[in-house]
Amino acid sequence: MRAVLVVEDSPAQQKMIATILKKNGWQVIIAEDGFQALESIKDSSPDLIVLDIVMPKMNGYEVCRRIKTNPSTQNVPIVMCSSKGEEFDRYWGIKQGADAYISKPFEDIELIGTIQQLLRQ
């Protein structure tokens, strides 16, 4: 079973995303902030990361940069998933190394389709 790390500080969003992923057969690991995310990656080696941007302690852009500049994690696909839906936010997320960017609110099919596409590569 493939594992997806969900990095999200909102309990409601965590639960919603985790439910969607579990329904589609993925194991879900939760991290509530950037520091937890970096620790979880070391401990669990997820197949993909769903990453919020606005979080306490360390924002998603910084987390993404750290993951993508580390040779042991740089190939893990990252889907940024944020309420920051402006074109600049999307551009900046991709510039930091994100493989895809989804704006909240999103449809289940958009998240699932994006993850399936990235895991096929």
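Residues: numbered from 1 along the sequence shown.
Residue Gln36 holds its CD atom at 10.0 Å from CD1 of Ile30, rounded to the nearest 0.5 Å. Between the CD1 atom in Ile53 and the CD atom in Gln96 there is a gap of 9.5 Å [rounded to 0.5 Å]. Put simply, CG on Leu118 and CD1 on Ile49 are 11.5 Å apart, with the number rounded to the nearest 0.5 Å. Rounding to the nearest 0.5 Å places CD1 of Ile112 at 5.0 Å from CD1 of Ile115. With rounding to the nearest 0.5 angstrom, the OG atom of Ser44 is 3.5 Å from the CD1 atom of Ile29. Distance check, rounded to the nearest 0.5 Å: CZ of Phe35 to CE of Met58 gives 3.5 Å.
For the pair Glu86 and Arg90, the salt-bridge criterion is not met [side-chain N within less than 4.0 Å of a carboxylate O].
Of all the heavy atoms in Ser82 and Tyr101, the pair that sits closest is CB-OH, 3.8 Å. The minimum heavy-atom distance linking Ile17 with Phe106 is given by the pair CG1-CZ, 4.0 Å. Here the closest non-hydrogen pair linking Ser40 and Pro46 is O-CD, 4.4 Å. Of all non-hydrogen atoms in Met80 and Cys64, the two that sit nearest each other are CE-CB, 3.6 Å. Asp47 and Pro77 make their closest contact through O-CD, 3.2 Å (heavy atoms, listed as atom of the first residue, atom of the second, distance).
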Criterion side-chain contact (heavy atoms from CB on, under 4.5 Å) on Lys22 and Gln27, from CA distance to verdict: CA-CA 6 Å; Lys22 287 176 183 175; Gln27 175 190 351; over 6 Å; no

Applying side-chain contact (heavy atoms from CB on, under 4.5 Å), run through Ile20 and Trp26 and close with a yes or a no. CA-CA 9 Å; Ile20 294 167; Trp26 290 303; over 6 Å; no

As a quick check of understanding, evaluate side-chain contact (heavy atoms from CB on, under 4.5 Å) for Ile67 and Gln74, giving each step before the final call. CA-CA 6 Å; Ile67 292 167; Gln74 66 187 9; over 6 Å; no

side-chain contact (heavy atoms from CB on, under 4.5 Å) between Asp52 and Val7, intermediate numbers included: CA-CA 6 Å; Asp52 188 21; Val7 187; 5.8 Å; no

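Evaluation of the side-chain hydrogen bond (donor to acceptor under 3.5 Å, both in side chains) rule for Lys68 yields Asp99 as partners, not counting sequence neighbours. Contacts of Asp33 classified as salt bridge (charged side-chain N to carboxylate O under 4.0 Å, His left out), with partners at least two apart in sequence or in another chain: Lys57.
For residues 4-15, the pairs satisfying side chain to side chain donor-acceptor pair (under 3.5 Å) are Glu8-Lys104, with sequence neighbours left out.
Note on ring orientation: taking the six-membered ring where Trp is involved, the planes of Tyr91 and Phe88 are tilted (angle from 30° to 60°).
A 4.5 Å side-chain heavy-atom check between Leu111 and Ile102 finds at least one atom pair inside the cut-off. Counting only heavy atoms from C-beta outward, the side chains of Arg2 and Leu48 never approach each other to under 4.5 Å. Contact check for Met55 versus Glu32: no side-chain heavy atoms found under the 4.5 Å cut-off.
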